[in-house]
Amino acid sequence: MIHELTNPVTKTLVTHLRDQRRDAVRFRHTIAELTKQLVYEALHDFPLLDKTITTWTGELSCKTIDEESIVVVTVLRAGMPMLDSVMELLPEAHAGFLAMKRDETTHESVLYYDRLPDCKDKTILLVDPMVATGGSIIDALKLIKSREPSRIITLNIIGSPEGLDVVKSAYPEIDIFIAQIDERLNEDKYIIPGLGDAGDRSYNTVG
Ligand code: PRP
Ligand code: URA
C-alpha cells in the first residue's frame with residue numbers, strides 16, 4: 001500500500017528540496033528531516049517492548065521499540081543521508097548497503113555491491129529518495145526478500161505514478177511511505193517536476 005504524507009511541513013520541505021539554490025549540505029539535511037517524518041509515520045503501529053532502565057530515581061520499566069529487530073537498507077548514493085537519519089533515530093538498528101547505478105542509456109538499474117546484514121525475521125526499512133521507473137527499488141526488494149525478513153517498508157521522498165504502480169503491482173504486500181507523488185517521468189526517465197538527480201545534488205557531482 002502506498003502512503004503519501006500530507007503534513008504541510010512535509011510539503012514545505014519538499015519545496016525546499018526542489019529549489020536549485022539549496023546547496024548540498026542543506027539538501028542532505030532536508031532529506032534527513034523528511035526521512036524522520038517518514039519514520040514516524042511508517043512506525044506508528046510498531047510494537048513496543050518493556051525495557052528496564054536506570055533513571056535518576058532508580059530502576060524503571062519503560063516502553064521502547066526493539067531497535068535491533070530493524071535493518072535499515074540504503075541504496076547508494078542518494079540514500080545515504082536517509083540511512084544516517086534513521087540511524088540517528090534508532091541507533092541500535094542494523095544497517096545494510098546496496099549499491100546500484102541507473103544505466104542512463106537503458107534506464108535500468110545495475111547492482112554492483114551488496115552488504116546486507118542478517119535480515120531473517122527482521123523489519124526492513126528500505127530507504128531511497130527517488131522512485132522513478134521503479135527499477136532500482138524492485139531489484140533491491142527482490143534481493144531483500146530472498147533474505148527472509150518478516151516485513152519490508154520502503155521510505156521514499158519523491159516518486160512517479162508510473163514507478164510506484166510498477167512497485168505496487170510487483171509487491172502489493174509492501175508498505176511504501178513517500179513524501180510526495182509527482183506528475184510523471186520525462187523521456188530520460190527523470191521525475192517531473194522532481195528535483196533533478198538526488199545523488200548529484202547531495203554530493204556536488206554531475207551525471
Ligand atoms: C537514483 C535514486 C534511485 C534511482 C531511481 O539513483 O537514488 O536509486 O535513481 O531510479 P529508478 O526508479 O528508475 O531505478 P542513481 O542511479 O541516480 O544513483 P546515485 O544515487 O548514485 O546518483
Ligand atoms: N534518479 C534521480 O535522482 N532523480 C530522478 O528524477 C530519477 C532518478
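One-based numbering along the sequence shown. Numbering of ligands and ligand atoms starts at 1, following listing order. In what follows, every heavy atom counts, from backbone to side chain, and hydrogens, waters and symmetry copies are set aside.
Checking only distances, P129 never comes within under 3.5 Å of ligand 1, N or O to N or O. Considering backbone and side-chain N/O of A78, one or more are found under 3.5 Å from N/O of ligand 1. At least one N or O atom of D128, backbone or side chain, sits closer than 3.5 Å to an N or O atom of ligand 1. Backbone and side-chain nitrogen or oxygen atoms of S109 are examined, and none is located within less than 3.5 angstrom of a nitrogen or oxygen of ligand 1.
Remark: distances from the non-hydrogen atoms of G134 to ligand 1 include one below 4.0 Å.
A heavy-atom distance below 4.5 Å is found between the side chains of I70 and L43. Taking the side chain as every heavy atom from C-beta outward, P91 and E67 approach each other to under 4.5 Å.
Separation of atoms CE (M130) and CD1 (I178) is listed at 9.0 Å; rounding is to 0.5 Å. Between atom CZ of residue R28 and atom CG of residue L17 there is a gap of 12.5 Å, rounded to the nearest 0.5 Å. Between L48 atom CG and C62 atom SG the span is 11.0 Å, to the nearest 0.5 Å. Taking CG from L5 and CZ from F177, the interatomic distance works out to 8.0 Å, rounded to the nearest 0.5 Å. Taking CG of L116 as the start and OG of S146 as the end, the distance is 8.0 Å to the nearest 0.5 Å.
If you number the atoms of ligand 2 from 1 as listed, the ones under 4.0 Å from a heavy atom of G196 come out as 2 (C), 3 (O), 4 (N), 5 (C), 6 (O). Interface atoms of ligand 1 facing G199, defined by a heavy-atom separation under 4.0 Å, are 22 (O). For ligand 1, the atoms sitting less than 4.0 Å from at least one non-hydrogen atom of M130 are 2 (C), 3 (C), 5 (C), numbered in the order shown with element in parentheses. Atoms of ligand 1 found under 4.0 Å from any heavy atom of G135, numbered from 1 in the order shown, are 12 (O), 14 (O). Close approach of ligand 1 to D197 is summarised as follows: ligand atoms under 4.0 Å from at least one heavy atom of the residue are 17 (O), 22 (O).
Residue nearest to atom 1 (N) of ligand 2, selected from K189, R77, M130: M130 (by heavy-atom distance).
The presence of a protein heavy atom under 4.0 Å from atom 6 (O) of ligand 1 is ruled out.
Heavy atoms from both the backbone and the side chain of A198 come within less than 4.0 Å of ligand 2.
What sits closest to atom 7 (C) of ligand 2 on the protein, heavy atoms only, is A132 CB, 3.5 Å. For atom 22 (O) of ligand 1, the closest non-hydrogen atom of the protein is R77 NH2, 3.0 Å. The protein heavy-atom contact nearest to atom 16 (O) of ligand 1 is R102 N, 2.9 Å. The nearest heavy-atom contact from the protein to atom 4 (C) of ligand 1 is S136 OG, 3.4 Å. In terms of protein heavy atoms, atom 6 (O) of ligand 2 is closest to I191 N, 2.8 Å. Here the heavy atom of the protein found nearest to atom 5 (C) of ligand 2 is Y190 CD2, 3.3 Å. The nearest protein atom to atom 11 (P) of ligand 1, hydrogens excluded, is given as T133 OG1, 3.4 Å; this is a heavy-atom distance. At the top of the distance list for atom 18 (O) of ligand 1, counting protein heavy atoms only, stands M100 O, 4.0 Å.
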If you apply the rule salt bridge (Lys or Arg N to Asp or Glu O under 4.0 Å), what do you find for E108 with K189, and how did you get there?
CA-CA 10 Å; E108 287 183 5; K189 307 297 180 195; over 6 Å; no
Salt bridge (Lys or Arg N to Asp or Glu O under 4.0 Å) evaluation trace for D175 with K168
CA-CA 9 Å; D175 282 308; K168 196 170 66 173; over 6 Å; no
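Between the side chain of H3 and the backbone N or O of A42, no donor-acceptor pair lies under 3.5 Å. Under a 3.5 Å cut-off, the side chain of R26 and the backbone N or O of H16 do not form any donor-acceptor pair.
Between K122 and E148 there is no salt bridge, since none of the side-chain N atoms of the basic residue sits less than 4.0 Å from a carboxylate O of the acidic one.
Here the rule is side chain to side chain contact (heavy atoms under 4.5 Å, CB included) with L126, and of N156, T74, I153, V75 only V75 fits it.
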